[in-house]
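These values consider heavy atoms only, across backbone and side chains, with no hydrogens, waters or symmetry-generated copies.
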Amino acid sequence: MKVYNTLTRSKEDLVPLTPGEIRMYSCGVTVYDISHVGHARMMVVFDVISRYLRFAGYRVTFVRNFTDIDDKIIRRANQEGVDAGEISERYIAAFRDDIAALGVQAPEVEPKATRHVAEMIALIERLVAGGYAYVVDGDVYFEIRRFPPYGRLSGKNLEELLVGARVEVDERKRDPRDFALWKSAKPGEPSWPSPWGPGRPGWHIECSAMAMKHLGTPIDIHGGGDDLIFPHHECEIAQSEAATGKPFARYWLHNGMINMGAEKMSKSLGNTLWIREILKRHDADAVRLWILGTHYRNPLEFAEERLAEAGRALERLWGPVLEAKKYAETAGADALPRDLAAYREDFVAAMDDDFNTPQALGVLFEMARALNRRDGRSAQDFVRGTRELATMLAALGFREPTPARADMPRELSEQVRSLIRERAAARASRDWSRADQLRAELARLEVTVKDTPQGTDWEWKGLRATEGS
RNA sequence: GGCGGCGUACCCAAGUGGUUAAGGGAGCGGACUGCAAAUCCGCGAUGCGGCGGUUCGAAUCCGCCCGCCGCCUCCA
């Protein structure tokens, strides 16, 4: 399996530290507001990466943090006159709801920064003791010059960083590029006791502390949005490696941003679209298909029409799997016919190449078409093939659609069944105008009918049902 | 200004040296159907931003140019 490593700017063979085991960490969200579609992409991307690694046979331990203490959380808490903890807990709950709705699996560990202050303090103490950090008036800064590899991950040249620096000059810092490990408490801010006085951790230190605590050193994979490469991940490397003298993470994976029109979606630009808003208009798996339709490292432009297209394409992928439900045949343990077995090989080859989901999906679309075509295949082989297809769809995190009647309001379901029965009677007596009239009525209820020799199937909002004859 | 990346059919999007340039959506034609829907078959870029170059051979490598984006500040 090959992955693109930001650290080396090349695709490398993925060789875990411990054979058969992957320890991965990805930066989560700062919980001061509802999560947007950009967060959804990152969550879906790393969800698929962790799922696929498991599919490929690795034992995966996945850790994704919550940044639950930060300037913006404090500001919001002050605006609302509540505690910072109340804000962060509120948005953690909202985040979990949104992410679960998207079908993203919970990682093994979801650590919160505020529960790891002791670990962060210990790490900072090591840095101070090692001469990598210095204390000024209760603040602690990491001294960039003491860690020569600083800038390697992001490809920054230290001199140019200084020249083009947009950082505000703080006379107390030895170098404007030094970054805060610990910030002394200001009035009205939550704080923790420390050897340097009451204060709170800087942003970067939490991920170092939590990743090392829950996964050890070095970890195999560290991920996040590509906007975190600098300064966040650069600083994580500096702190962690200066403190331990060991490599921090072996492979750095970064997903591309979502753009609104030509611009990046971001909270500071105010062009965000909430996950919960988009889920009101589109099926969660349509959102997933839309995201996976572009390689994770490329930028992805948001457009309502792309989501609608993904919804239609999704039905195509599940079509044969749902069709197979009509067969009583058990799949048995026989091997798949050679021509159907080949699709998994292609799927695996695509995913093994830096998680090339667009290509992998192309394979699944081709497999769906081959199954629909039948080609004189036995019902058993057809059913076996659809199970294989379903397995690969599940490896990408797609959930098999449930029968429509389970999800629709009882009254509506009754009404639809009665209209369909009435239409069947009209068709039986060859009263085509009455039958078409009933179909139009069903269409107004967003129900599409499909007549088959065995009876009438129907769909409601992309969900399917069979009504027998 | 520095670093990184992108430009492939009507739209989206894989492919980065060698068969007929995947796949999806939309469209058009056909099969099936009472008519539809779904499904299947067929059509659709002689060309991959432009111009040069390297090569037996380039969308893929090199140079220049045009257009666009990201990071360099909090950000997924």
- Using the ring of each side chain (for Trp, its six-membered ring), is A/Phe179 parallel, tilted or perpendicular to A/Tyr150, with breaks at 30° and 60°? parallel
- Message: With no hydrogens and no angle check, just 3.5 Å: does a side-chain donor-acceptor pair link A/Tyr91 and A/Asp68?
- Response: no
- Task: Report yes if a donor N or O on one partner sits less than 3.5 Å from an acceptor N or O on the other, where the partners are the side chain of A/Lys264 and the base of B/rC69; otherwise report no.
- Result: no
- Could you give the distance separating B/rG27 and B/rA22 at their P atoms, to the nearest angstrom? 22 Å
- Between B/rC43 and B/rC48, how far is it from one P atom to the other, in whole Å? 22 Å
- Message: Can you list everything that forms a salt bridge (Lys or Arg N to Asp or Glu O under 4.0 Å) with A/Arg152? Sequence neighbours excluded, please.
- Response: none
- Item | Where RNA chain B forms stems, i.e. three or more consecutive Watson-Crick or G-U pairs with both distances under 3.5 Å | B:1-7 with B:66-72, B:10-12 with B:23-25, B:27-31 with B:39-43, B:49-53 with B:61-65
- Between residues 34-42 of chain A and RNA chain B, which residues have a heavy-atom gap below 4.0 Å? A/His36, A/Gly38, A/His39, A/Met42
- Between B/rG2 and B/rA59, how far apart are the P atoms? Round to whole Å, please. 31 Å
- Message: Between A/Ile92 and A/Glu89, is there a side-chain heavy-atom distance shorter than 4.5 Å?
- Response: yes
- Message: Side chain of A/Lys267 only, heavy atoms from C-beta on: which candidate in B/rA76, B/rU73, B/rA37 is closest?
- Response: B/rA76
- Message: For a quick test of reading the model: is some side-chain N or O of A/Arg373 closer than 4.0 Å to OP1 or OP2 of B/rC41?
- Response: yes
- Message: Measuring only the P atom in each nucleotide, how far is B/rU33 from B/rG23? A whole number of Å is fine.
- Response: 28 Å
- Item | Residue closer to the 5' end of RNA chain B, A/Lys450 versus A/Glu263 (nearest nucleotide) | A/Lys450
- Message: Quiz question: by atom type and distance under 3.5 Å, do the side chains of A/Thr386 and A/Glu323 form a donor-acceptor pair?
- Response: no
- Sidechain-backbone polar pair: A/Arg434 side chain, A/Ala426 backbone, donor-acceptor under 3.5 Å: no
- Message: Treating A/Glu446 as the side-chain partner and A/Trp460 as the backbone partner, does any N or O pair qualify as donor plus acceptor under 3.5 Å?
- Response: no
- With rounding to whole Å, what would you report as the distance between B/rA14 and B/rG25 at their C1' atoms? 15 Å
- Could you tell me whether A/Leu289 contacts a base, only the sugar-phosphate backbone, or nothing, with contacts defined as non-hydrogen atoms closer than 4.0 Å? nothing
- Task: Determine the interatomic distance between P on B/rG17 and the same-named atom on B/rU39; round to the nearest Å.
- Result: 36 Å
- Message: My understanding is that only residues two or more places apart in sequence, or in another chain, count here; which of them pass side-chain contact (heavy atoms from CB on, under 4.5 Å) with A/Arg427?
- Response: A/Arg423, A/Trp432, A/Ala435, A/Asp451, A/Thr456
- Query: Has A/Asn157 got a side-chain N or O lying under 4.0 Å from the OP1 or OP2 atom of B/rG2?
  - Reply: no
- Examine A/Arg64 relative to A/Phe46 and say whether NZ or CZ is less than 6.0 Å from the centre of the six-membered ring and inside a 45° cone about the ring axis. no
- Task: To the nearest 0.5 angstrom, please state how far the CG atom of A/Leu419 sits from the CZ atom of A/Arg439.
- Result: 13.5 Å
- Query: Say you pick atom C1' in B/rC61 and the same atom in B/rG67; how far apart are they, in whole Å?
  - Reply: 23 Å
- Item | Closest to side chain of A/Ala313, choosing from B/rG25, B/rA37, B/rA76 | B/rG25
- Hey, what do you get for OH (A/Tyr4) to CG (A/Asp353), rounding to the nearest 0.5 Å? 13.0 Å
- Item | Plane angle bin for A/His204 and A/His232 - parallel if under 30°, tilted between 30 and 60°, otherwise perpendicular | tilted
- Query: For A/Gly319, which contact category applies under a 4.0 Å heavy-atom criterion: base, sugar-phosphate, or nothing?
  - Reply: nothing
- Task: Indicate whether the side chain of A/Asp71 and that of A/Tyr32 have a donor and an acceptor atom separated by less than 3.5 Å.
- Result: no
Short N/O separations, protein against nucleotides 27-35 of chain B, under 3.5 angstrom:
| from | atom 1 | to | atom 2 | distance (Å) |
| --- | --- | --- | --- | --- |
| B/rG34 | O6 | A/Arg423 | NH2 | 3.4 |
| B/rG34 | O6 | A/Arg427 | NE | 3.3 |
| B/rG34 | N1 | A/Asp436 | OD1 | 3.0 |
| B/rG34 | N2 | A/Asp436 | OD1 | 3.2 |
| B/rG34 | N2 | A/Asp436 | OD2 | 2.7 |
| B/rC35 | O2 | A/Arg439 | NH2 | 2.3 |
| B/rC35 | N3 | A/Arg439 | NH1 | 3.1 |
| B/rC35 | N3 | A/Arg439 | NH2 | 3.4 |
| B/rC35 | N4 | A/Asp451 | OD2 | 3.1 |

- Below 4.5 Å, heavy atoms only, C-beta onward: do A/Met257 and A/Pro299 meet side chain to side chain? no
- Message: Using the C1' atom as the point on both nucleotides, what is the distance between B/rA9 and B/rG5, in whole Å?
- Response: 24 Å
- Query: With distance as the sole criterion, is a donor-acceptor pair present between the side chains of A/His36 and A/Glu277 under 3.5 Å?
  - Reply: no
- Task: Assign a letter to each nucleotide of nucleotides 5-23 of chain B from its 5' end: B, base within under 4.0 Å of a protein heavy atom; S, sugar-phosphate only; -, no contact.
- Result: ------SSSSS------BS
